[in-house]
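A short write-up of the structure that comes next.
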Number of protein chains: 2
Amino acid sequence: MPLDLIDSTPAPASPGPGQPGRPGRRRDHSRDPEILDAAIEVLAEEGYDGMTMEMVAARAKAGKATLYRRWPSKGELVVDAVACMKSRDLDVDNLPDTGTLRGDLVAMIKPRTLEEADRKMQVMAGLMSVLSRSPELVDAINSAIVAPRAEVNRRLLERAIARGEISAEVDIATIALVAPSMTAYRLLVTQRPVDREYLLSIIDGVVLPAVGLSAPRA
Amino acid sequence: MPLDLIDSTPAPASPGPGQPGRPGRRRDHSRDPEILDAAIEVLAEEGYDGMTMEMVAARAKAGKATLYRRWPSKGELVVDAVACMKSRDLDVDNLPDTGTLRGDLVAMIKPRTLEEADRKMQVMAGLMSVLSRSPELVDAINSAIVAPRAEVNRRLLERAIARGEISAEVDIATIALVAPSMTAYRLLVTQRPVDREYLLSIIDGVVLPAVGLSAPRA
DNA sequence: GGTATCCGAAACTGACGAGTTCCGTATATA
DNA sequence: TATATACGGAACTCGTCAGTTTCGGATACC
């Protein structure tokens, strides 16, 4: 394995879109998203080492040369693809408010969301063994996958405190990690499905009791 | 990637230690443990795809040919190595009893245990991207790494119920997964250390509140 | 001591994949 | 319509690694 995910050279004074020396310099970046999406798909299915540039090119109906015209290496393509994976999902500043913490948490369980989380975790799994050698990949994954999940829960918990539903003494930071951690573990480690039932057992069996609430008609 | 981790042929009617046709058939399996240990080490450091048979052989001070004399393929060596990784650690039927759930949980935090869990998680990470293609690897990992961790917590929780310290209504199965899930997430996904402090925040911030107990002088 | 067997080391084979080069074509500008 | 550019596709180089073969040396058994 050529384990330098990223070439250490700090970018050759980026030429930019309009190059001086020549008049007609047009670079068509319109197909970049297709390529990045293809990379994510292959990554989720095959993992970093299993993914080949040929697979990505084929999936994006592009030539391998085109990939190398845009990204200097497989590693950089992957980092870019992960960084561009930020979800079309719910945004953190505009979460629906059901009036109760349990309602808010349960409202997060939607097929669309589950499916997207699933995909992200597959990508995660495929990159796992490479993470320890690539700080930039760790960063990309953190801001695209890891951070958003905990942030949502943190907001919901803060709101519950604000409305007086739960005590301000609870360890929000840690509790916000419970669901993300347990779903990731379920999916990655034990290889079992994260379905509505499992999520409800986390909410009603762990999170709510931990903040001093109880599930409805237990 | 040659993604047939295991050759599908079901073992050719295992010759066994004493072969009939020939008189002097001796197979020295005394160095198998060294080789398996070496495999685990390399696996933890490089991941499945990064691990080469040459690395394992060198680490075990053995010849590559010797490896292939004992295991038919890299995949089978890895499955075997993982299966033989069951810890020298505390056994599940003989857990120290401190008299309180918190005491029991905190007593599990020992450098020795942390370190071993760490190693296991590194191996886990290295195998992650391969898991989806190898059911036998999933099984091996489950019984060597995953199951024991939750089992310990389940026992401690049952004991707490038995002594009347916590209610029998709590969702033991799910709560027993909290610590394993959160430590795995911390280590694998967020790449931060699982130290005493983090473990205490799980115990005092999530587990104890979830079962209706509270941390000492919060 | 003779013999059979297993050992570690090293050379070898074959496949595969990253990255490069080349070529015929499509397209946008002029 | 002429020209330049980037395109997809295919052929190429080159390193690496799984798995095999070969060999000289050590060791247990007779």
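A, B, ... follow the sequence lines: proteins, then strands. Residue 1 opens every chain. These figures come from a predicted structure and were not determined experimentally.
When each of A:Met55 and A:Ala65 is assigned the nucleotide of DNA chain C with its nearest heavy atom, A:Met55 is the one assigned upstream, toward the 5' end.
Between B:Tyr68 atom OH and C:dT13 atom P the separation is 17 Å, expressed in whole Å. Following rounding to the nearest Å, A:Ile35 (CD1) and D:dA6 (P) show an atom-to-atom distance of 14 Å. Here the P atom of nucleotide C:dA9 and the CD atom of B:Glu54 are 11 Å apart, to the nearest Å. To the nearest angstrom, P of D:dA18 lies 8 Å from OH of B:Tyr48. Atom CG of B:Leu77 is separated from atom P of D:dG19 by 10 Å (rounded to the nearest Å). Remark: P of C:dA15 and CG of A:Asp49 are 22 Å apart, rounded to the nearest angstrom. Taking atom CE on A:Met53 and atom C1' on C:dG17, their separation rounds to 11 Å, with Å as the unit. Going from atom CH2 of A:Trp71 over to atom P of C:dT20 covers 15 Å, rounded to whole Å.
Side chain of B:Lys74, nearest nucleotide from C:dG19, C:dG8, D:dA18: D:dA18.
Residues meeting the side chain to side chain donor-acceptor pair (under 3.5 Å) test with B:Arg102, sequence neighbours left out: B:Asp204. In this view, B:Arg119 satisfies the salt bridge (Lys or Arg N to Asp or Glu O under 4.0 Å) rule with no residue, not counting sequence neighbours.
Between B:Arg31 and C:dG8 there is a side-chain polar atom (N or O) within less than 4.0 angstrom of OP1 or OP2. Dashed line: the shortest gap from a side-chain N or O of B:Arg70 to OP1 or OP2 of D:dG19 is not under 4.0 Å. The phosphate of C:dT20 (OP1 or OP2) has no side-chain N or O of A:Arg69 nearer than 4.0 angstrom.
Taking five base pairs at each end of the helix from C:dG1-D:dC30 to C:dA30-D:dT1 and finding the rotation axis that steps the C1' atoms of four pairs onto the next four gives two axes whose angle is 20°, to the nearest 10°.
Looking only at distances, a side-chain donor or acceptor of B:Asn153 sits under 3.5 Å from a matching main-chain atom of B:Ala176.
Taking 4.5 Å as the limit, some side-chain heavy atom of A:Val146 sits within range of a side-chain heavy atom of B:Tyr185.
Figure legend: B:Arg186 and B:Tyr198 shown as a cation-pi pair, the cationic atom lying under 6.0 angstrom from the six-membered ring centre and within 45 degrees of its axis.
Going from atom OG of A:Ser134 over to atom CG of A:Asp139 covers 8.5 Å, rounded to the nearest 0.5 Å.
Side-chain atoms of B:Thr66 and B:Arg69 include a donor-acceptor pair closer than 3.5 Å.
Side-chain to base pairing of B:Lys64 with C:dG8: no donor and acceptor N or O lie closer than 3.5 Å to each other.
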